[in-house]
Amino acid sequence: MAKPKITVVGSFAVGLTIRAPNIPVFGVTMFGRNFDLGPGGKGSNQAVATARLGADSALVAIIGQDKFADIATDLFRAEGVRTAHVEQTAESSTAVGFIILNERGENFIIMDYGATNRMDVASVDRAESCIQASDVIMAVLEVPLPAAMRTMELGRKHGKITILNPAPAAPIPDEIFPFVDYLTPNESELRILLGLRPDDPRPSRQLVEMLRKRGARNVVVTLGSRGVLIVTDTVDVEIPSAKVDVVDTTGAGDAFNSGFAMGLAEGRSVIDAARLGVACGALVCTKLGVIPGMATREAADEMYRTIPTPACKDPG
């Protein structure tokens with residue numbers, strides 16, 4: 001049986017992670033521990049995670065020509081991610097992220113996207129043959145918005161399942177929604193998409209309807225430790241999260257999106273695809289560092305079996 005083909009348009013970044021007692025404030029020097037330097041970036045994370053789940057995974061990205069770029073090429077070779085459309089440039093450095101974890105596993109992240117900022121419509125067009133050959137097309141907003149929009153357009157042009165993970169969130173034009181099969185924000189991203197404060201107190205279910213009125217057909221909101229909310233024309237359910245000992249929540253959204261994409265690529269229902277995503281999201285939280293925590297297929301399937309199938313509510 002052929003592997004499902006998934007193409008991710010996104011970023012590679014090197015993450016520099018340190019654990020501290022609290023999230024720091026400016027002007028204060030703190031002692032940290034457990035420093036780790038390793039590969040990250042939402043696009044890279046999702047490409048690696050889908051490959052580890054058994055997909056024929058390809059990444060479209062731009063990296064620099066520096067030592068951090070070597071980390072990318074070594075990772076993709078080890079994980080079996082196809083890199084025909086990972087370009088290198090001498091004009092910008094490979095993206096980096098500085099990640100601080102507190103004792104509860106919550107994170108604070110500062111990013112410099114570097115070479116990723118050079119991605120444009122032409123970059124995506126050069127990968128059209130790869131998109132055409134795929135089952136599922138994914139994009140994140142670490143790439144400039146025109147590149148993300150072009151990804152969704154080409155996915156729709158070729159009749160593929162399209163997933164837009166709007167992270168990090170920014171207001172996006174309604175014109176993109178007809179090209180997006182599944183929009184997958186977390187709760188703060190959902191609010192930012194609507195031009196609201198990230199902590200707007202209105203229920204996420206109410207805000208999803210506001211987004212759907214703007215043209216978003218199928219909205220899947222990750223709820224952190226509470227699981228995931230799915231709202232489409234025919235489905236309105238919440239899927240609870242798995243109970244795990246949380247070490248590091250970094251990458252939980254990427255892990256969910258990867259499992260969700262894999263489920264859809266395998267022909268599962270949106271509910272069962274989301275259950276696989278929830279399983280992957282839970283597993284990545286049990287280890288320090290994103291790549292070490294990304295699930296193997298065996299572990300994901302085992303966790304998937306523990307996540308209940310919810311009864312659908314009437315969306316009408």
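Since this is a predicted model, take the numbers as computed values, not measurements. We count residues from 1, following the sequence as given.
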Closer than 3.5 angstrom, by distance alone: can the side chain of [X] be matched with the main-chain N or O of [Y] as a donor-acceptor pair?
| X | Y | value |
| --- | --- | --- |
| Q46 | N257 | no |
| T162 | F179 | yes |
| R191 | L207 | no |
| D66 | T94 | yes |
| Q88 | G64 | yes |
| N165 | T184 | yes |
| R118 | T89 | no |
| T17 | I99 | no |
| K160 | Q132 | yes |
| R212 | N218 | no |

D135 vs I161 side-chain heavy atoms within contact, under 4.5 Å: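 No, every pair of side-chain atoms sits at 4.5 Å or beyond.
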
- prompt: Would you call P39 and D74 a side-chain contact if the rule is heavy atoms closer than 4.5 Å?
  reply: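 Contact flag for P39/D74 side chains = no.
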
Hey, what do you get for [atom1] ([X]) to [atom2] ([Y]), rounding to the nearest 0.5 Å?
| X | Y | atom1 | atom2 | answer |
| --- | --- | --- | --- | --- |
| M111 | E142 | CE | CD | 5.0 Å |
| R19 | E103 | CZ | CD | 6.0 Å |
| T296 | M294 | OG1 | CE | 12.5 Å |

Sole candidate of [options] that passes side chain to side chain contact (heavy atoms under 4.5 Å, CB included) when paired with [X]:
| X | options | value |
| --- | --- | --- |
| Y113 | P144, S93, P168 | P168 |
| E187 | L223, L229, T222 | L223 |
| I18 | D36, L37, N34, I100 | I100 |

- prompt: Are E189 and K42 close enough for a salt bridge, meaning some N to O gap below 4.0 Å?
  reply: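 Not counted as a salt bridge, because no side-chain N and carboxylate O are separated by less than 4.0 Å.
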
- request: Tell me, yes or no, whether the heavy-atom count around E302 atom CD, taken from other residues, nucleotides or ligands under 6.0 Å, exceeds 12.
  value: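 Not buried by this count: 12 neighbours or fewer within 6.0 Å.
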
Residues, nucleotides or ligands: over 12 heavy atoms within 6.0 Å of D199 CG: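 Count over threshold, so yes.
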
message: Under a 3.5 Å cutoff, is there a donor and acceptor pairing between the side chains of S134 and T7?
response: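 T7 and S134 do have a side-chain donor-acceptor pair below 3.5 Å.
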
task: Determine whether the side chains of D120 and S123 contain a donor N or O and an acceptor N or O closer than 3.5 Å.
output: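 Judged by distance alone, the side chains do pair up.
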
task: Applying salt bridge (charged side-chain N to carboxylate O under 4.0 Å, His left out), run through K213 and E209 and close with a yes or a no.
output: CA-CA 6 Å; K213 288 178 180 177; E209 282 307 317; over 6 Å; no

field: Closest non-hydrogen atom pair, T50 against S57
entry: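 Scanning both residues completely, I find the closest heavy atoms to be OG1-OG, 3.1 Å.
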
field: Test log, rule side-chain contact (heavy atoms from CB on, under 4.5 Å), inputs L196 and R202
entry: CA-CA 10 Å; L196 305 173; R202 279 171 283 187; 3.3 Å; yes

message: Please evaluate residues T232 and R217 with respect to the criterion side-chain contact (heavy atoms from CB on, under 4.5 Å), reporting the C-alpha separation (whole Å), side-chain torsions for both, the decisive distance (0.1 Å), and the verdict.
response: CA-CA 6 Å; T232 74; R217 296 169 51 203; over 6 Å; no

field: Stepwise side-chain contact (heavy atoms from CB on, under 4.5 Å) test for F68 and V96
entry: CA-CA 9 Å; F68 285 165; V96 295; 3.3 Å; yes

message: Test salt bridge (charged side-chain N to carboxylate O under 4.0 Å, His left out) on D272 and R275; report intermediate values, then the result.
response: CA-CA 5 Å; D272 286 342; R275 289 174 60 217; 3.0 Å; yes

